[in-house]
**Q** 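I am attaching a structure below and will ask some questions about it afterwards.
As the structure is a prediction and not an experimental result, all values here were calculated from the model.
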Amino acid sequence: MGSSPTRPVIVQSWQRVAMSGLDPGVPVDNFRVEDVDRRSRLIVAAAPVLDDLAQELENTGFSVVLADRFARLVDLRFGNREVRTRMERLGSVRGRRFREEDTGTNSIATTFELRSGVAVHGDEHFIDKLKGLSCYGHPILHPVTKRLEGVLDITCLAADDTSLLAPFLVRAVRQIEERLLAGAREAERRILAGFQTAVQRYRGRPVVALGEGVLLANTAAVDLLDSADHAVLRGMAVDAPARSHLNLSSGQAVLVATEKTADGSVFTLEPMAHRPVSTAQRIASTPVLVHGEPGSGRTTAVRSMIGSEYVSMDAADIADHGESSWVSRLDGLLTASSTVVIEAVHLLPESVARQVARGLRSARAGIVLTCGPLAELRGEHVGLVSQCLERIELAPLRNRRDEIPALTRSMLVNLAAPRELRFTPGALESLAGQPWPGNLRELESVTRWVMKTRVIGDVTVQDLPESYRGRAHCRTLTPIEQAERNAIVEALRLTKGNKKDAAKHLGISRTTLYNAIRTLGIFAPVSRI
(Lines give C-alpha, C1' and ligand atoms only; values in the text may rest on other atoms or scores of the structure.)
Protein backbone atom coordinates (compact mmCIF):
# COMPACT_ATOMS: atom_id res chain seq x y z
CA MET A 1 0.00 0.00 0.00
CA GLY A 2 2.98 2.29 0.41
CA SER A 3 3.38 5.03 2.99
CA SER A 4 0.31 6.31 4.80
CA PRO A 5 -0.96 9.81 3.94
CA THR A 6 -0.37 12.73 6.30
CA ARG A 7 -2.76 15.44 5.10
CA PRO A 8 -5.97 15.30 7.21
CA VAL A 9 -8.27 15.46 4.17
CA ILE A 10 -6.54 12.44 2.64
CA VAL A 11 -6.30 10.52 5.93
CA GLN A 12 -10.05 10.91 6.48
CA SER A 13 -10.77 9.81 2.92
CA TRP A 14 -8.65 6.67 3.36
CA GLN A 15 -10.56 5.87 6.54
CA ARG A 16 -13.90 6.16 4.73
CA VAL A 17 -12.68 3.97 1.88
CA ALA A 18 -11.29 1.31 4.23
CA MET A 19 -14.64 1.11 6.01
CA SER A 20 -16.34 0.32 2.69
CA GLY A 21 -14.21 -2.82 2.34
CA LEU A 22 -12.28 -1.66 -0.74
CA ASP A 23 -8.86 -3.26 -1.28
CA PRO A 24 -5.94 -1.07 -2.53
CA GLY A 25 -5.03 -3.80 -5.01
CA VAL A 26 -8.44 -3.90 -6.65
CA PRO A 27 -8.21 -4.00 -10.47
CA VAL A 28 -9.18 -0.75 -12.17
CA ASP A 29 -10.85 -2.47 -15.13
CA ASN A 30 -13.68 -4.04 -13.10
CA PHE A 31 -16.53 -1.55 -13.43
CA ARG A 32 -19.95 -0.95 -14.92
CA VAL A 33 -20.70 1.68 -17.56
CA GLU A 34 -24.04 3.49 -17.52
CA ASP A 35 -25.83 5.44 -20.21
CA VAL A 36 -25.20 9.20 -20.27
CA ASP A 37 -27.68 11.80 -21.47
CA ARG A 38 -25.55 13.97 -23.74
CA ARG A 39 -28.29 16.63 -23.71
CA SER A 40 -28.25 17.13 -19.95
CA ARG A 41 -28.12 20.67 -18.64
CA LEU A 42 -24.64 20.19 -17.17
CA ILE A 43 -23.12 18.76 -20.35
CA VAL A 44 -24.66 21.46 -22.53
CA ALA A 45 -23.41 24.22 -20.20
CA ALA A 46 -19.92 22.72 -19.89
CA ALA A 47 -19.30 21.78 -23.53
CA PRO A 48 -17.96 25.19 -24.78
CA VAL A 49 -15.77 25.53 -21.68
CA LEU A 50 -14.34 22.05 -22.18
CA ASP A 51 -13.72 22.84 -25.85
CA ASP A 52 -11.59 25.82 -24.81
CA LEU A 53 -9.74 23.72 -22.21
CA ALA A 54 -9.04 21.03 -24.80
CA GLN A 55 -7.42 23.61 -27.08
CA GLU A 56 -5.25 24.94 -24.25
CA LEU A 57 -4.17 21.40 -23.26
CA GLU A 58 -3.58 20.12 -26.80
CA ASN A 59 -0.37 18.09 -27.14
CA THR A 60 0.19 18.01 -23.36
CA GLY A 61 0.06 15.18 -20.85
CA PHE A 62 -3.10 16.49 -19.17
CA SER A 63 -6.70 15.29 -19.28
CA VAL A 64 -9.88 17.07 -18.18
CA VAL A 65 -12.85 15.05 -16.89
CA LEU A 66 -16.39 16.19 -16.14
CA ALA A 67 -18.52 14.16 -13.68
CA ASP A 68 -22.22 14.76 -13.03
CA ARG A 69 -24.12 14.97 -9.74
CA PHE A 70 -24.05 11.16 -9.48
CA ALA A 71 -20.23 11.09 -9.76
CA ARG A 72 -20.64 9.59 -13.23
CA LEU A 73 -18.08 10.59 -15.89
CA VAL A 74 -19.97 12.34 -18.68
CA ASP A 75 -17.30 14.16 -20.74
CA LEU A 76 -13.55 13.58 -21.09
CA ARG A 77 -10.90 15.56 -22.99
CA PHE A 78 -7.29 14.38 -23.47
CA GLY A 79 -4.12 16.27 -24.39
CA ASN A 80 -2.98 13.51 -26.76
CA ARG A 81 -3.66 9.89 -27.77
CA GLU A 82 -1.17 8.49 -25.25
CA VAL A 83 -2.99 10.22 -22.39
CA ARG A 84 -6.34 8.87 -23.64
CA THR A 85 -5.02 5.31 -23.74
CA ARG A 86 -3.51 5.60 -20.25
CA MET A 87 -6.64 7.06 -18.69
CA GLU A 88 -8.99 4.56 -20.32
CA ARG A 89 -6.83 1.67 -19.04
CA LEU A 90 -7.26 3.17 -15.56
CA GLY A 91 -11.03 3.19 -15.90
CA SER A 92 -11.66 6.80 -16.94
CA VAL A 93 -14.40 6.19 -19.50
CA ARG A 94 -17.75 7.86 -20.11
CA GLY A 95 -20.55 6.37 -18.00
CA ARG A 96 -18.42 5.06 -15.12
CA ARG A 97 -19.15 6.23 -11.58
CA PHE A 98 -16.25 7.50 -9.49
CA ARG A 99 -17.24 7.08 -5.82
CA GLU A 100 -14.87 6.51 -2.93
CA GLU A 101 -16.32 3.09 -2.17
CA ASP A 102 -15.25 1.74 -5.57
CA THR A 103 -12.45 4.04 -6.82
CA GLY A 104 -10.89 5.05 -3.51
CA THR A 105 -9.36 8.45 -2.78
CA ASN A 106 -9.13 10.60 -5.92
CA SER A 107 -10.02 14.13 -6.95
CA ILE A 108 -13.45 13.22 -8.36
CA ALA A 109 -14.72 10.80 -5.71
CA THR A 110 -13.33 12.75 -2.75
CA THR A 111 -14.48 16.12 -4.10
CA PHE A 112 -17.93 14.57 -4.56
CA GLU A 113 -17.83 13.39 -0.95
CA LEU A 114 -16.65 16.71 0.55
CA ARG A 115 -18.30 19.23 -1.82
CA SER A 116 -15.03 21.20 -1.86
CA GLY A 117 -11.93 21.31 -4.03
CA VAL A 118 -9.38 18.53 -3.43
CA ALA A 119 -5.93 17.80 -4.83
CA VAL A 120 -4.62 14.22 -4.69
CA HIS A 121 -0.93 13.68 -5.37
CA GLY A 122 0.73 10.39 -6.31
CA ASP A 123 0.81 8.06 -3.30
CA GLU A 124 -2.19 9.82 -1.74
CA HIS A 125 -4.40 7.75 -4.04
CA PHE A 126 -5.86 4.76 -2.20
CA ILE A 127 -5.84 2.38 -5.18
CA ASP A 128 -2.34 1.24 -6.09
CA LYS A 129 -2.86 1.53 -9.86
CA LEU A 130 -3.64 5.27 -9.55
CA LYS A 131 -0.57 6.24 -7.51
CA GLY A 132 1.34 7.40 -10.56
CA LEU A 133 -1.12 10.25 -11.12
CA SER A 134 -1.77 13.68 -9.65
CA CYS A 135 -5.16 15.34 -10.00
CA TYR A 136 -7.25 18.25 -8.81
CA GLY A 137 -11.05 18.32 -8.61
CA HIS A 138 -13.42 21.20 -7.97
CA PRO A 139 -17.18 21.06 -7.33
CA ILE A 140 -19.65 22.68 -9.73
CA LEU A 141 -22.49 24.27 -7.74
CA HIS A 142 -25.71 25.58 -9.20
CA PRO A 143 -25.65 29.39 -8.74
CA VAL A 144 -29.31 29.49 -7.61
CA THR A 145 -30.00 26.25 -5.71
CA LYS A 146 -26.38 25.78 -4.51
CA ARG A 147 -26.85 22.08 -5.22
CA LEU A 148 -23.86 20.05 -6.39
CA GLU A 149 -24.22 19.66 -10.16
CA GLY A 150 -20.94 17.89 -10.81
CA VAL A 151 -17.17 17.87 -10.48
CA LEU A 152 -14.52 19.12 -12.90
CA ASP A 153 -11.17 17.34 -12.72
CA ILE A 154 -7.75 17.77 -14.30
CA THR A 155 -5.28 14.87 -14.17
CA CYS A 156 -1.66 14.31 -15.16
CA LEU A 157 1.31 12.11 -14.30
CA ALA A 158 2.65 12.79 -10.82
CA ALA A 159 5.92 13.99 -12.38
CA ASP A 160 4.06 16.73 -14.28
CA ASP A 161 2.22 18.08 -11.22
CA THR A 162 2.08 21.87 -10.87
CA SER A 163 0.53 24.32 -8.43
CA LEU A 164 -1.17 26.09 -11.37
CA LEU A 165 -3.77 23.32 -11.70
CA ALA A 166 -6.06 24.73 -8.99
CA PRO A 167 -6.58 28.29 -10.33
CA PHE A 168 -6.74 26.96 -13.90
CA LEU A 169 -9.60 24.62 -12.93
CA VAL A 170 -11.45 27.09 -10.68
CA ARG A 171 -11.66 29.57 -13.56
CA ALA A 172 -13.23 26.91 -15.78
CA VAL A 173 -15.72 25.91 -13.06
CA ARG A 174 -16.85 29.53 -12.67
CA GLN A 175 -17.52 29.71 -16.42
CA ILE A 176 -19.61 26.53 -16.30
CA GLU A 177 -21.60 27.85 -13.34
CA GLU A 178 -22.34 31.08 -15.22
CA ARG A 179 -23.65 29.08 -18.18
CA LEU A 180 -25.76 26.95 -15.82
CA LEU A 181 -27.39 30.10 -14.51
CA ALA A 182 -28.23 31.31 -18.01
CA GLY A 183 -29.61 27.86 -18.87
CA ALA A 184 -31.73 27.79 -15.69
CA ARG A 185 -33.43 31.04 -16.68
CA GLU A 186 -34.25 29.60 -20.10
CA ALA A 187 -35.52 26.37 -18.49
CA GLU A 188 -37.83 28.36 -16.24
CA ARG A 189 -39.27 30.08 -19.31
CA ARG A 190 -39.95 26.71 -20.96
CA ILE A 191 -41.65 25.32 -17.84
CA LEU A 192 -43.78 28.46 -17.56
CA ALA A 193 -44.83 28.09 -21.20
CA GLY A 194 -45.86 24.46 -20.62
CA PHE A 195 -47.78 25.45 -17.49
CA GLN A 196 -49.67 28.26 -19.26
CA THR A 197 -50.56 25.96 -22.17
CA ALA A 198 -52.01 23.34 -19.81
CA VAL A 199 -53.99 25.94 -17.82
CA GLN A 200 -55.57 27.29 -21.04
CA ARG A 201 -56.25 23.83 -22.47
CA TYR A 202 -57.82 22.38 -19.31
CA ARG A 203 -59.69 25.38 -17.93
CA GLY A 204 -60.77 24.95 -14.32
CA ARG A 205 -58.68 21.83 -13.66
CA PRO A 206 -55.80 21.84 -11.14
CA VAL A 207 -52.44 22.22 -12.93
CA VAL A 208 -48.98 21.94 -11.36
CA ALA A 209 -45.58 22.40 -13.06
CA LEU A 210 -42.40 21.17 -11.40
CA GLY A 211 -38.83 21.77 -12.47
CA GLU A 212 -35.40 22.32 -10.99
CA GLY A 213 -36.20 24.65 -8.09
CA VAL A 214 -39.53 25.62 -9.73
CA LEU A 215 -43.10 24.96 -8.60
CA LEU A 216 -46.06 26.58 -10.38
CA ALA A 217 -49.72 25.94 -9.47
CA ASN A 218 -53.01 27.52 -10.50
CA THR A 219 -55.71 28.42 -7.95
CA ALA A 220 -57.50 25.09 -8.34
CA ALA A 221 -54.27 23.21 -7.56
CA VAL A 222 -53.49 25.42 -4.56
CA ASP A 223 -56.92 24.65 -3.11
CA LEU A 224 -56.56 20.90 -3.76
CA LEU A 225 -52.93 20.13 -2.86
CA ASP A 226 -50.63 20.66 0.07
CA SER A 227 -46.85 20.40 0.40
CA ALA A 228 -47.02 16.64 1.02
CA ASP A 229 -48.74 16.15 -2.34
CA HIS A 230 -46.06 18.27 -4.01
CA ALA A 231 -43.45 15.84 -2.67
CA VAL A 232 -45.32 12.90 -4.22
CA LEU A 233 -45.65 14.65 -7.58
CA ARG A 234 -41.95 15.49 -7.58
CA GLY A 235 -41.24 11.80 -7.09
CA MET A 236 -43.63 10.89 -9.91
CA ALA A 237 -41.78 13.25 -12.24
CA VAL A 238 -38.95 10.68 -12.41
CA ASP A 239 -40.79 7.96 -14.31
CA ALA A 240 -44.56 8.47 -14.06
CA PRO A 241 -46.67 7.15 -16.97
CA ALA A 242 -48.69 9.57 -19.10
CA ARG A 243 -51.81 8.83 -17.02
CA SER A 244 -52.00 7.42 -13.51
CA HIS A 245 -54.14 7.42 -10.36
CA LEU A 246 -53.09 9.12 -7.14
CA ASN A 247 -54.58 9.36 -3.66
CA LEU A 248 -53.92 12.83 -2.23
CA SER A 249 -53.11 13.42 1.43
CA SER A 250 -56.71 14.65 1.89
CA GLY A 251 -58.01 11.27 0.77
CA GLN A 252 -59.25 12.62 -2.58
CA ALA A 253 -58.53 10.32 -5.53
CA VAL A 254 -57.37 12.04 -8.72
CA LEU A 255 -56.46 11.05 -12.25
CA VAL A 256 -53.06 12.56 -13.11
CA ALA A 257 -52.03 13.40 -16.66
CA THR A 258 -48.26 13.94 -16.89
CA GLU A 259 -46.57 15.85 -19.70
CA LYS A 260 -42.78 15.83 -19.68
CA THR A 261 -40.84 18.88 -20.81
CA ALA A 262 -37.12 19.21 -21.44
CA ASP A 263 -36.67 20.67 -17.97
CA GLY A 264 -39.53 19.36 -15.81
CA SER A 265 -43.06 17.99 -15.78
CA VAL A 266 -46.56 19.48 -16.01
CA PHE A 267 -49.31 17.65 -14.10
CA THR A 268 -53.01 18.11 -14.84
CA LEU A 269 -55.28 16.65 -12.15
CA GLU A 270 -58.86 15.43 -12.52
CA PRO A 271 -60.63 14.73 -9.21
CA MET A 272 -62.49 11.41 -9.31
CA ALA A 273 -65.90 10.86 -7.77
CA HIS A 274 -65.76 8.67 -4.69
CA ARG A 275 -67.86 5.56 -5.13
CA PRO A 276 -68.36 3.87 -1.78
CA VAL A 277 -68.45 0.09 -2.01
CA SER A 278 -70.97 -1.70 0.18
CA THR A 279 -69.59 -4.87 1.77
CA ALA A 280 -72.68 -6.05 3.65
CA GLN A 281 -73.99 -8.06 0.70
CA ARG A 282 -70.57 -9.55 -0.06
CA ILE A 283 -70.07 -10.72 3.54
CA ALA A 284 -73.57 -12.20 3.63
CA SER A 285 -73.03 -14.23 0.47
CA THR A 286 -69.49 -15.52 1.04
CA PRO A 287 -66.72 -15.27 3.66
CA VAL A 288 -64.36 -12.38 2.92
CA LEU A 289 -60.59 -12.71 3.30
CA VAL A 290 -58.33 -9.73 4.13
CA HIS A 291 -54.69 -10.74 3.68
CA GLY A 292 -51.31 -9.00 3.69
CA GLU A 293 -47.90 -8.81 5.32
CA PRO A 294 -47.55 -8.24 9.09
CA GLY A 295 -48.20 -4.61 9.92
CA SER A 296 -50.03 -3.90 6.66
CA GLY A 297 -53.21 -2.85 8.51
CA ARG A 298 -55.44 -5.92 8.29
CA THR A 299 -57.50 -5.08 11.39
CA THR A 300 -57.80 -1.43 10.37
CA ALA A 301 -58.99 -2.50 6.92
CA VAL A 302 -61.67 -4.70 8.49
CA ARG A 303 -62.93 -1.83 10.65
CA SER A 304 -62.99 0.47 7.64
CA MET A 305 -64.90 -2.13 5.67
CA ILE A 306 -67.62 -3.17 8.14
CA GLY A 307 -67.49 -0.61 10.95
CA SER A 308 -67.39 -1.59 14.62
CA GLU A 309 -70.49 -3.81 14.77
CA TYR A 310 -68.84 -7.23 14.82
CA VAL A 311 -67.45 -9.87 17.17
CA SER A 312 -63.77 -10.74 16.89
CA MET A 313 -61.93 -14.00 17.52
CA ASP A 314 -58.12 -13.98 17.42
CA ALA A 315 -56.13 -17.12 16.65
CA ALA A 316 -53.42 -15.91 19.02
CA ASP A 317 -55.85 -16.36 21.96
CA ILE A 318 -55.78 -20.15 21.59
CA ALA A 319 -52.57 -20.25 23.62
CA ASP A 320 -54.43 -18.73 26.62
CA HIS A 321 -57.83 -20.45 26.35
CA GLY A 322 -57.01 -23.82 24.79
CA GLU A 323 -58.17 -25.25 21.46
CA SER A 324 -61.45 -26.82 22.56
CA SER A 325 -62.64 -23.77 24.48
CA TRP A 326 -61.71 -21.41 21.61
CA VAL A 327 -63.48 -23.58 19.00
CA SER A 328 -66.57 -23.95 21.18
CA ARG A 329 -66.91 -20.17 21.57
CA LEU A 330 -66.45 -19.66 17.84
CA ASP A 331 -69.16 -22.22 17.02
CA GLY A 332 -71.59 -20.32 19.24
CA LEU A 333 -70.78 -16.99 17.61
CA LEU A 334 -71.16 -18.36 14.09
CA THR A 335 -74.80 -19.25 14.80
CA ALA A 336 -75.78 -16.32 17.03
CA SER A 337 -73.92 -13.23 15.76
CA SER A 338 -74.50 -11.11 12.68
CA THR A 339 -70.80 -10.64 11.75
CA VAL A 340 -67.76 -12.53 13.05
CA VAL A 341 -64.14 -11.59 12.30
CA ILE A 342 -61.52 -14.34 12.77
CA GLU A 343 -58.10 -12.70 13.02
CA ALA A 344 -54.75 -14.22 11.95
CA VAL A 345 -56.07 -17.57 10.74
CA HIS A 346 -52.55 -18.44 9.51
CA LEU A 347 -51.65 -18.90 13.21
CA LEU A 348 -54.33 -21.57 13.79
CA PRO A 349 -53.09 -25.09 14.55
CA GLU A 350 -53.79 -27.46 11.64
CA SER A 351 -56.51 -29.33 13.53
CA VAL A 352 -58.26 -26.08 14.49
CA ALA A 353 -58.03 -24.71 10.95
CA ARG A 354 -59.82 -27.85 9.77
CA GLN A 355 -62.61 -27.39 12.35
CA VAL A 356 -63.02 -23.70 11.50
CA ALA A 357 -63.33 -24.55 7.79
CA ARG A 358 -66.05 -27.04 8.64
CA GLY A 359 -67.87 -24.49 10.83
CA LEU A 360 -67.90 -21.83 8.10
CA ARG A 361 -69.98 -24.06 5.81
CA SER A 362 -72.98 -23.96 8.19
CA ALA A 363 -72.47 -20.49 9.69
CA ARG A 364 -75.37 -18.05 9.78
CA ALA A 365 -73.16 -15.05 10.53
CA GLY A 366 -71.28 -12.97 8.01
CA ILE A 367 -67.62 -14.01 8.09
CA VAL A 368 -64.39 -12.04 7.63
CA LEU A 369 -61.01 -13.76 7.94
CA THR A 370 -57.60 -12.08 8.16
CA CYS A 371 -54.25 -13.75 7.47
CA GLY A 372 -50.71 -13.22 6.29
CA PRO A 373 -49.57 -13.45 2.64
CA LEU A 374 -51.35 -16.25 0.76
CA ALA A 375 -48.08 -17.57 -0.66
CA GLU A 376 -46.99 -18.53 2.87
CA LEU A 377 -50.07 -20.69 3.64
CA ARG A 378 -49.84 -24.48 3.69
CA GLY A 379 -52.01 -27.51 4.35
CA GLU A 380 -55.32 -26.96 6.17
CA HIS A 381 -54.92 -23.18 6.05
CA VAL A 382 -55.11 -23.26 2.24
CA GLY A 383 -58.35 -25.23 2.47
CA LEU A 384 -59.74 -22.74 5.00
CA VAL A 385 -59.13 -19.59 2.93
CA SER A 386 -60.30 -21.34 -0.24
CA GLN A 387 -63.86 -20.82 1.05
CA CYS A 388 -63.38 -17.06 0.73
CA LEU A 389 -64.33 -16.19 -2.83
CA GLU A 390 -64.08 -12.47 -1.99
CA ARG A 391 -60.49 -11.46 -1.18
CA ILE A 392 -58.91 -8.13 -0.34
CA GLU A 393 -55.13 -7.99 -0.59
CA LEU A 394 -53.34 -5.22 1.33
CA ALA A 395 -50.26 -4.07 -0.55
CA PRO A 396 -47.06 -3.64 1.48
CA LEU A 397 -46.13 -0.06 2.30
CA ARG A 398 -43.08 -0.19 0.00
CA ASN A 399 -45.56 -0.45 -2.89
CA ARG A 400 -47.75 2.39 -1.58
CA ARG A 401 -45.15 5.15 -1.40
CA ASP A 402 -47.53 7.73 -2.85
CA GLU A 403 -49.82 7.19 0.16
CA ILE A 404 -47.17 7.96 2.78
CA PRO A 405 -48.08 11.70 3.09
CA ALA A 406 -51.75 10.85 3.73
CA LEU A 407 -50.85 8.01 6.09
CA THR A 408 -48.50 10.13 8.22
CA ARG A 409 -51.10 12.89 8.44
CA SER A 410 -53.76 10.38 9.52
CA MET A 411 -51.41 8.89 12.11
CA LEU A 412 -50.61 12.31 13.55
CA VAL A 413 -54.34 12.92 13.96
CA ASN A 414 -54.97 9.51 15.53
CA LEU A 415 -52.04 10.00 17.91
CA ALA A 416 -53.40 13.42 18.95
CA ALA A 417 -50.35 15.31 17.72
CA PRO A 418 -50.49 19.14 17.74
CA ARG A 419 -51.97 20.55 14.54
CA GLU A 420 -48.80 22.58 14.00
CA LEU A 421 -46.66 19.42 13.73
CA ARG A 422 -46.17 18.51 10.07
CA PHE A 423 -43.74 16.54 7.91
CA THR A 424 -41.89 18.62 5.31
CA PRO A 425 -41.71 17.41 1.69
CA GLY A 426 -38.04 16.50 2.21
CA ALA A 427 -38.88 14.30 5.20
CA LEU A 428 -41.71 12.62 3.29
CA GLU A 429 -39.44 11.96 0.33
CA SER A 430 -36.91 10.37 2.66
CA LEU A 431 -39.61 8.16 4.21
CA ALA A 432 -40.77 7.16 0.73
CA GLY A 433 -37.31 5.73 0.04
CA GLN A 434 -37.41 3.19 2.89
CA PRO A 435 -38.09 -0.57 2.47
CA TRP A 436 -40.67 -0.68 5.33
CA PRO A 437 -40.47 -4.37 6.30
CA GLY A 438 -42.80 -3.56 9.21
CA ASN A 439 -45.28 -1.76 6.95
CA LEU A 440 -47.84 0.56 8.62
CA ARG A 441 -46.84 -0.56 12.10
CA GLU A 442 -43.26 0.54 11.41
CA LEU A 443 -44.42 3.89 9.98
CA GLU A 444 -46.52 4.46 13.09
CA SER A 445 -43.48 3.71 15.28
CA VAL A 446 -41.46 6.31 13.36
CA THR A 447 -44.31 8.82 13.75
CA ARG A 448 -44.45 8.19 17.51
CA TRP A 449 -40.67 8.63 17.74
CA VAL A 450 -40.87 11.96 15.91
CA MET A 451 -43.63 13.16 18.26
CA LYS A 452 -41.38 12.47 21.25
CA THR A 453 -38.43 14.38 19.81
CA ARG A 454 -40.26 17.29 18.15
CA VAL A 455 -43.35 18.69 19.82
CA ILE A 456 -44.30 21.34 17.27
CA GLY A 457 -43.27 22.78 13.91
CA ASP A 458 -41.85 21.30 10.70
CA VAL A 459 -40.42 17.76 10.80
CA THR A 460 -37.32 17.80 8.57
CA VAL A 461 -35.09 14.94 7.46
CA GLN A 462 -32.80 15.59 10.44
CA ASP A 463 -35.75 15.06 12.81
CA LEU A 464 -36.23 11.47 11.58
CA PRO A 465 -34.47 8.49 13.20
CA GLU A 466 -30.98 8.29 11.75
CA SER A 467 -31.60 5.08 9.79
CA TYR A 468 -34.56 6.71 8.02
CA ARG A 469 -32.64 9.66 6.63
CA GLY A 470 -31.29 9.66 3.12
CA ARG A 471 -32.03 10.06 -0.55
CA ALA A 472 -35.55 9.04 -1.51
CA HIS A 473 -36.12 6.33 -3.99
CA CYS A 474 -39.56 7.28 -5.17
CA ARG A 475 -40.37 5.11 -8.11
CA THR A 476 -42.10 1.77 -7.60
CA LEU A 477 -39.74 -1.14 -8.14
CA THR A 478 -40.57 -3.99 -10.47
CA PRO A 479 -41.00 -7.44 -8.84
CA ILE A 480 -37.52 -8.45 -10.03
CA GLU A 481 -35.96 -5.23 -8.69
CA GLN A 482 -37.77 -5.68 -5.38
CA ALA A 483 -36.47 -9.27 -5.08
CA GLU A 484 -32.95 -8.03 -5.85
CA ARG A 485 -33.32 -5.25 -3.29
CA ASN A 486 -34.52 -7.67 -0.61
CA ALA A 487 -31.59 -10.01 -1.25
CA ILE A 488 -29.06 -7.16 -0.93
CA VAL A 489 -30.67 -5.81 2.25
CA GLU A 490 -30.56 -9.29 3.79
CA ALA A 491 -26.91 -9.79 2.76
CA LEU A 492 -25.94 -6.43 4.30
CA ARG A 493 -27.79 -7.40 7.48
CA LEU A 494 -25.99 -10.75 7.71
CA THR A 495 -22.57 -9.13 7.13
CA LYS A 496 -23.27 -6.20 9.49
CA GLY A 497 -22.94 -3.72 6.63
CA ASN A 498 -19.60 -4.98 5.26
CA LYS A 499 -20.08 -4.49 1.53
CA LYS A 500 -17.09 -6.62 0.57
CA ASP A 501 -18.49 -9.62 2.47
CA ALA A 502 -22.03 -8.88 1.25
CA ALA A 503 -20.86 -8.94 -2.38
CA LYS A 504 -19.09 -12.26 -1.75
CA HIS A 505 -22.22 -13.66 -0.10
CA LEU A 506 -24.32 -12.64 -3.14
CA GLY A 507 -21.74 -13.90 -5.64
CA ILE A 508 -21.34 -10.51 -7.35
CA SER A 509 -18.55 -7.95 -7.63
CA ARG A 510 -18.32 -5.04 -5.21
CA THR A 511 -18.85 -2.61 -8.09
CA THR A 512 -22.09 -4.36 -9.05
CA LEU A 513 -23.21 -4.23 -5.42
CA TYR A 514 -22.44 -0.50 -5.09
CA ASN A 515 -24.32 0.27 -8.30
CA ALA A 516 -27.33 -1.73 -7.10
CA ILE A 517 -27.29 -0.02 -3.69
CA ARG A 518 -27.54 3.40 -5.34
CA THR A 519 -29.96 2.37 -8.10
CA LEU A 520 -32.37 0.59 -5.74
CA GLY A 521 -32.25 3.27 -3.04
CA ILE A 522 -30.73 1.06 -0.32
CA PHE A 523 -29.45 2.87 2.77
CA ALA A 524 -26.67 0.53 3.81
CA PRO A 525 -25.31 0.58 7.38
CA VAL A 526 -21.71 1.68 7.74
CA SER A 527 -19.46 -1.30 8.36
CA ARG A 528 -17.10 -1.19 11.31
CA ILE A 529 -15.01 -4.05 9.90
**Q** Looking at Pro294, is its backbone amide N or carbonyl O close enough to the side chain of Asn439 to form a donor-acceptor pair, meaning the two atoms are under 3.5 Å apart?
**A**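 Yes, because the side chain of Asn439 sits within donor-acceptor range (under 3.5 Å) of the backbone of Pro294.
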**Q** Find out whether His381 and Val345 are in side-chain contact, i.e. whether some heavy atom of one side chain is under 4.5 Å from a heavy atom of the other.
**A**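 No. Closest side-chain heavy atoms not under 4.5 Å.
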**Q** Judged by atom type as modelled, is there a donor-acceptor pair below 3.5 Å linking the side chain of Thr495 to the main-chain atoms of Ala491?
**A** yes
**Q** State, yes or no, whether a side-chain contact exists between Glu270 and Val254 at a heavy-atom distance under 4.5 Å.
**A** no
**Q** For Arg298 and Gly295, indicate whether the former's side chain and the latter's backbone hold a donor-acceptor pair under 3.5 Å.
**A**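 Looks like no, no N/O pair under 3.5 Å.
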**Q** Can you confirm whether Ser20 sits close enough to Glu100 that some side-chain heavy atom of one is under 4.5 Å from a side-chain heavy atom of the other?
**A**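 Not in contact.
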**Q** Grab the two heavy atoms, one from Leu397 and one from Ile404, that are nearest each other, plus how far apart they are.
**A**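 Closest approach of Leu397 to Ile404, heavy atoms only: CD1-CG1, 4.1 Å.
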**Q** Report the C-alpha distance between Thr460 and Asp463 in whole Å, list the side-chain angles of each, state the deciding distance to 0.1 Å, and finish with yes or no for side chain to side chain donor-acceptor pair (under 3.5 Å).
**A** CA-CA 5 Å; Thr460 67; Asp463 294 316; 3.2 Å; yes
**Q** With a 4.5 Å heavy-atom cut-off, do Glu323 and Pro349 have their side chains touching?
**A**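 Glu323 reaches Pro349 side chain to side chain.
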**Q** Give me the atom names and distance for the closest heavy-atom approach of Gln387 to Ala357.
**A** NE2-O, 2.8 Å
**Q** Does any N or O in the side chain of Asn218 come within less than 3.5 Å of the main-chain N or O of Arg205, such that one atom is a donor and the other an acceptor?
**A** yes
**Q** Hey, does Asp68 have a side-chain heavy atom less than 4.5 Å from the side chain of Ser40?
**A**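 No - every pair of side-chain heavy atoms lies 4.5 Å or more apart.
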**Q** Would you confirm whether Ser325, through its side chain, and Gly322, through its main-chain N or O, come within 3.5 Å as a donor-acceptor pair?
**A**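 Answer holds: no.
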**Q** Check whether any side-chain heavy atom of Leu255 sits under 4.5 Å from a side-chain heavy atom of Leu269, and report yes or no.
**A** no
**Q** Please check: side-chain N/O of Trp326 versus main-chain N/O of Val352, any donor-acceptor pairing under 3.5 Å?
**A** no
**Q** Around Asp223, counting heavy atoms of other residues, nucleotides and ligands shown, do more than 12 lie under 6.0 Å from its CG?
**A**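 Above 12, so yes.
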**Q** Salt bridge or not between Glu444 and Arg448? Use side-chain N to carboxylate O under 4.0 Å.
**A** yes
**Q** Verify, without hydrogens or angle tests, whether Thr197 (side chain) and Ala193 (backbone) share a donor-acceptor contact under 3.5 angstrom.
**A**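 Judged by distance alone, yes, a pair lies under 3.5 Å.
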**Q** Would you call Arg422-Asp458 a salt bridge at under 4.0 Å N-O?
**A** yes
**Q** Does any non-hydrogen side-chain atom of Thr408 lie less than 4.5 Å from one of Leu428?
**A** yes
**Q** Tell me the closest heavy-atom pair linking Ala220 and Gly204, and the distance in Å.
**A** CB-O, 3.7 Å
**Q** When you measure from the side chain of Ser430 to the backbone N and O of Gly426, does any donor-acceptor pair fall under 3.5 Å?
**A**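 Checking the backbone N and O of Gly426 against the side chain of Ser430, no donor-acceptor pair under 3.5 Å is found.
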**Q** Above 12 or not: heavy atoms from other molecules or residues under 6.0 Å from CZ of Arg115?
**A** yes
**Q** What are the two closest heavy atoms between Ala221 and Val208, and how far apart are they?
**A**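 Looking at all heavy atoms of both residues, the closest pair is CB-CG2, 3.7 Å.
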**Q** Please confirm whether the ring centroid of Trp449 lies under 6.0 Å from the ring centroid of Tyr468.
**A**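 Between Trp449 and Tyr468, the centre distance exceeds or equals 6.0 Å.
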**Q** Kindly indicate whether the side chain of Cys371, heavy atoms from C-beta on, has any atom under 4.5 Å from the side chain of Leu377.
**A** yes
**Q** So, Glu149 and Arg147, do they make that salt bridge, N to O below 4.0 Å?
**A** yes
**Q** For Pro396, does its backbone N or O pair with a side-chain atom of Glu293 as donor and acceptor, under 3.5 Å?
**A**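 No, because the side chain of Glu293 does not come within donor-acceptor range (under 3.5 Å) of the backbone of Pro396.
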**Q** Would Thr299 and Glu343 count as a side chain to side chain donor-acceptor pair (under 3.5 Å) here? Give the steps.
**A** CA-CA 8 Å; Thr299 300; Glu343 294 267 22; 2.8 Å; yes
**Q** Applying the side chain to side chain contact (heavy atoms under 4.5 Å, CB included) test to Leu407, which of Leu443, Thr447, Leu412 qualifies?
**A** Leu443
